[in-house]
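Some notes on the structure that comes next.
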Amino acid sequence: QVQLVESGGGLVQAGGSLRLSCVASGTIFSFNTMAWDRQPPGKQRELVAGSTNGGMTNYADSVKGRFTISRDNAKNTVYLQMNSLKPEDTAVYYCNVEGQYYSGYVQRYWGQGTQVTVSS
């Protein structure tokens, strides 16, 4: 039921920057954690960055100091600012959010993914 619309992916040279956006919508009480995962070609999906409703964040070691996750709760939007991009950052990036219904039930939803390609 929750809809996620991702944008911002593309092709960039090593050292460049991209900003991913994900807008969540739906009949929901609140959005709890919001996060970005990625799946490089031929590899397993992995967590890149996550953010709690209270503003706590965590990052994969490989992106610390380069990526920043942020959220605008009023707009139900989560962002991923990616700086100093490396070829190894090439992957499909997936937005995912945990929605909490009025009943208290929680469910995680995933976007369709946006391709990020970093060339050397």
Side-chain angles (χ1 to χ4, degrees):
Q1 185 173 317
V2 170
Q3 311 296 127
L4 302 180
V5 180
E6 301 170 74
S7 62
L11 175 65
V12 65
Q13 271 190 207
S17 298
L18 285 174
R19 189 195 194 202
L20 306 183
S21 299
C22 176
V23 181
S25 63
T27 304
I28 210 83
F29 175 71
S30 67
F31 293 102
N32 297 331
T33 59
M34 306 182 86
W36 291 92
D37 287 43
R38 69 185 181 187
Q39 187 166 21
K43 298 181 180 180
Q44 298 181 71
R45 187 175 298 187
E46 63 182 1
L47 174 69
V48 177
S51 177
T52 70
N53 198 29
M56 297 292 291
T57 60
N58 64 87
Y59 299 89
D61 288 341
S62 60
V63 307
K64 286 181 179 177
R66 299 189 297 119
F67 291 11
T68 302
I69 187 170
S70 61
R71 59 194 290 173
D72 185 338
N73 289 328
K75 297 181 178 180
N76 294 324
T77 302
V78 62
Y79 306 93
L80 185 67
Q81 179 67 46
M82 304 184 293
N83 299 327
S84 301
L85 283 161
K86 304 174 180 180
E88 46 264 52
D89 295 319
T90 295
V92 178
Y93 284 71
Y94 296 90
C95 172
N96 61 97
V97 304
E98 183 183 85
Q100 182 170 348
Y101 292 84
Y102 291 96
S103 65
Y105 175 77
V106 297
Q107 179 83 311
R108 183 161 293 278
Y109 298 89
W110 295 81
Q112 67 177 7
T114 184
Q115 177 70 48
V116 172
T117 302
V118 184
S119 65
S120 58

Would a 4.5 Å heavy-atom cut-off, applied to side chains only, mark Asn53 and Arg71 as touching?
yes
Is there a path of hydrophobic side-chain contacts, each under 4.5 Å between heavy atoms of I/L/V/M/F/W/Y residues, joining Tyr105 to Tyr109?
yes
Side-chain donor-acceptor contact under 3.5 Å, Gln39 with Asp37
no
Would a 4.5 Å heavy-atom cut-off, applied to side chains only, mark Tyr79 and Asp72 as touching?
yes
Angle class for the Tyr94/Trp110 ring planes (parallel below 30°, perpendicular above 60°, tilted otherwise)?
perpendicular
Heavy-atom nearest pair, Glu6 first then Gly113, reads OE2-N, 2.7 Å
Does any part of the side chain of Gln115, heavy atoms only, come nearer than 4.5 Å to the side chain of Thr90, both counted from C-beta?
yes
Are any non-hydrogen side-chain atoms of Leu18 and Phe67 less than 4.5 angstrom apart?
no
Name all residues meeting the salt bridge (Lys or Arg N to Asp or Glu O under 4.0 Å) criterion together with Asp89; count only those two or more places apart in sequence or in a different chain, and write none if there are none.
Arg38, Arg66
Heavy-atom closest pair (Tyr93 atom, Met82 atom, distance to 0.1 Å) is CE2-SD, 3.8 Å
Can you give me the closest heavy-atom contact between Tyr59 and Ala49, atom names plus distance?
CD2-CB, 3.5 Å
Output the distance between atom OG (Ser51) and atom CG (Asn73), rounded to the nearest 0.5 Å.
7.5 Å
Donor-acceptor pair, Arg45 side chain versus Val92 backbone, under 3.5 Å?
no
What are the two closest non-hydrogen atoms of Gln100 and Asn32, and how far apart are they?
OE1-ND2, 3.2 Å
From Ser21 atom OG to Gln81 atom CD, the distance as rounded to the nearest 0.5 Å:
9.5 Å
Student check: side-chain heavy atoms of Val116 and Leu20 closer than 4.5 Å:
yes
Which residues share a salt bridge (Lys or Arg N to Asp or Glu O under 4.0 Å) with Lys43, sequence neighbours left out:
none
Note: Ser84 and Ser17 closest approach over all heavy atoms is N-OG, 4.3 Å
Please report the interatomic distance OG1(Thr33) to CG(Asn96), rounded to the nearest 0.5 Å.
7.0 Å
Are Val23 and Val2 connected in a single hydrophobic cluster, I mean Ile/Leu/Val/Met/Phe/Trp/Tyr linked by side-chain heavy atoms less than 4.5 Å apart?
no
Could you tell me whether the side chain of Ile28 reaches within less than 4.5 Å of the side chain of Asn76, counting heavy atoms only?
no
Nearest 0.5 Å please: distance from the CG atom of Leu80 over to the CE atom of Met34.
12.0 Å
Which heavy atom in Ala14 sits nearest to a heavy atom in Ser120, and how many Å separate them?
CB-CA, 4.4 Å
Flag side-chain contact, heavy atom, 4.5 Å: Cys95 against Val97
yes
